[in-house]
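Here is the structure we will look at, set down as structure tokens.
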Amino acid sequence: MGFEAEYQSFLNVHAQKRNGERLRRLQEGHSQAEMLFLKQVWWPSFYHFQYLHPEFEINDFKDGKRYLDFAYIRPAIRICFEIDGYGPHLKNISRWQFSDSLERQNQLVMDGWTVIRFSYDQVKEKPRRCQQVVQQVIGRWLGDGLEQTTLTYAEKEVLRLAIRKGKSISPIEVGKYLNLTDKTVKRLLSQLVEKKMLIPASGVKRIRSYRLGEQVKHSI
């Protein structure tokens with residue numbers, strides 16, 4: 001399915017699991033900014049919404065409840081993604097509210113969360129840069145998805161390098177990263193292209209760079 005169908009299915013699945021305030025927050029708190037993040041940043045990066053939770057409820061450090069725009073949760077991984085608008089409510093925020101926001105983020109970090117924040121303008125005007133950040137932060141934790149494949153150690157390490165960078169990689173980078181000869185690097189990259197894990201990003205007769213293929217995006 002394409003984005004629209006998957007997006008509606010994603011929201012429906014989470015709505016069916018919720019009631020009360022958690023359901024209300026999903027219905028009213030999930031706005032244009034969050035939808036745009038999914039459409040322009042998340043979907044082009046992974047083509048699925050696995051492990052992602054919208055308007056995720058957490059216990060507040062003041063014994064209340066707070067909601068994260070998105071929580072990416074896997075074993076040993078907790079990443080918070082926040083999309084911040086720049087409107088009248090932000091301009092008029094009080095000093096205490098500003099301090100509370102900072103304290104909230106600090107508490108998340110102390111509780112083991114990785115916190116990534118984007119502005120609405122970044123998501124709208126610079127989606128590719130946002131994609132790179134998302135891929136890099138998730139790439140730092142990646143391991144279990146690739147470990148389930150039959151790829152060789154060297155092949156997995158090349159893919160991890162590409163995921164961490166969030167953009168194309170060159171044969172020279174791969175050679176330095178794995179301490180391999182040019183001939184071995186060329187064979188390794190060709191194998192990953194054949195397996196649709198990488199695709200040429202520049203060059204025709206002589207490929208100068210490679211980027212992640214769809215097979216990897218679907219497995220992250």
Side-chain angles (χ1 to χ4, degrees), residues 1-60 64-74 77-93 97-98 100-102 104-105 108-109 113-142 145 163 166-167 211-214 216-220:
M1 293 190 291
F3 170 76
E4 295 298 338
E6 287 284 2
Y7 173 65
Q8 289 302 321
S9 176
F10 169 66
L11 292 182
N12 290 339
V13 166
H14 284 278
Q16 291 170 6
K17 297 177 181 178
R18 304 184 185 193
N19 54 37
E21 179 63 13
R22 294 175 65 241
L23 178 60
R24 188 190 72 80
R25 288 290 307 215
L26 179 61
Q27 294 172 334
E28 299 180 8
H30 188 80
S31 64
Q32 169 68 16
E34 286 77 22
M35 187 278 290
L36 194 66
F37 170 77
L38 293 179
K39 185 174 184 178
Q40 297 205 160
V41 178
W42 192 271
W43 181 257
S45 297
F46 306 117
Y47 297 107
H48 66 70
F49 300 120
Q50 286 181 289
Y51 314 113
L52 194 65
H53 304 264
E55 294 297 324
F56 185 75
E57 182 183 81
I58 59 170
N59 292 321
D60 184 65
K65 300 291 183 182
R66 298 232 186 176
Y67 293 85
L68 311 180
D69 287 346
F70 294 102
Y72 180 81
I73 301 176
R74 298 180 73 165
I77 304 175
R78 293 193 298 176
I79 305 174
C80 162
F81 293 101
E82 293 278 296
I83 297 84
D84 301 317
Y86 185 74
H89 68 286
L90 187 61
K91 295 178 183 178
N92 298 329
I93 190 172
Q97 288 173 318
F98 178 70
D100 182 72
S101 176
L102 296 180
R104 172 192 181 223
Q105 179 167 320
L108 282 171
V109 173
W113 287 84
T114 296
V115 180
I116 302 296
R117 305 185 77 162
F118 297 111
S119 70
Y120 177 78
D121 289 338
Q122 283 178 302
V123 171
K124 183 179 179 181
E125 304 296 338
K126 298 181 179 179
R128 180 56 188 146
R129 177 56 189 149
C130 296
Q131 291 170 25
Q132 292 172 350
V133 172
V134 169
Q135 290 174 338
Q136 286 170 1
V137 70
I138 291 180
R140 287 178 50 202
W141 297 98
L142 186 69
I163 293 169
K167 54 185 178 182
R211 58 186 175 85
L212 292 174
E214 304 305 319
V216 180
K217 290 183 177 181
H218 281 285
S219 67
I220 295 176

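Here Q27 pairs with nothing under the side-chain hydrogen bond (donor to acceptor under 3.5 Å, both in side chains) rule; sequence neighbours left out. For V134, the side chain to side chain contact (heavy atoms under 4.5 Å, CB included) partners two or more places apart in sequence, or in a different chain, are F37, V41, W42, F46, F81, F118, I138. Checked against salt bridge (charged side-chain N to carboxylate O under 4.0 Å, His left out), E34 has no partners two or more places apart in sequence or in another chain. Residues satisfying the side chain to side chain contact (heavy atoms under 4.5 Å, CB included) test with Q40, not counting sequence neighbours, are L36, P127. The ring-ring contact (aromatic ring centres under 6.0 Å, His included) test applied to Y7 returns F3, H30, not counting sequence neighbours. Considering only residues two or more places apart in sequence or on other chains, E21 meets the side chain to side chain contact (heavy atoms under 4.5 Å, CB included) condition with R24, R25, Y67.
Between I116 and E82, every side-chain heavy-atom pair lies at or beyond the 4.5 Å cut-off. Using a 4.5 Å heavy-atom threshold, the side chains of Y72 and T114 count as separate. A heavy-atom distance below 4.5 Å is found between the side chains of I58 and W113. Looking at heavy atoms from C-beta onward, E6 lies out of side-chain contact with Y47 at the 4.5 angstrom threshold.
In this structure, CD in E125 is found 10.5 Å from SG in C130, a value given to the nearest 0.5 Å. L108 contributes atom CG, which lies 8.5 Å from atom CZ of R78 (distance to the nearest 0.5 angstrom). Rounding to the nearest 0.5 Å gives a distance of 10.0 Å between OG of S45 and CG of L212. Going from atom NZ of K126 over to atom CD of Q132 covers 11.5 Å, rounded to the nearest 0.5 Å. Here OH of Y51 is found 9.5 Å from CD1 of I77. Values are rounded to the nearest 0.5 Å.
Across P44 and Q131, no two heavy atoms sit closer than the pair CB-NE2, 3.7 Å. Across all their heavy atoms, G2 and W43 have their closest contact at C-CZ2, 3.8 Å. The minimum heavy-atom distance between R117 and D84, with the atom names listed, is NE-OD2, 3.0 Å.
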Which pairs would a plain distance check flag for residues 10-20, meaning a side-chain donor or acceptor within less than 3.5 Å of a matching protein atom at least two apart in sequence or in another chain?
unit_1 : atom_1 : unit_2 : atom_2 : d
N12    : ND2    : Q8     : O      : 3.1
H14    : NE2    : L52    : O      : 3.3
R18    : NH1    : P54    : O      : 3.2
R18    : NH1    : E55    : O      : 3.0
R18    : NH2    : P54    : O      : 2.5

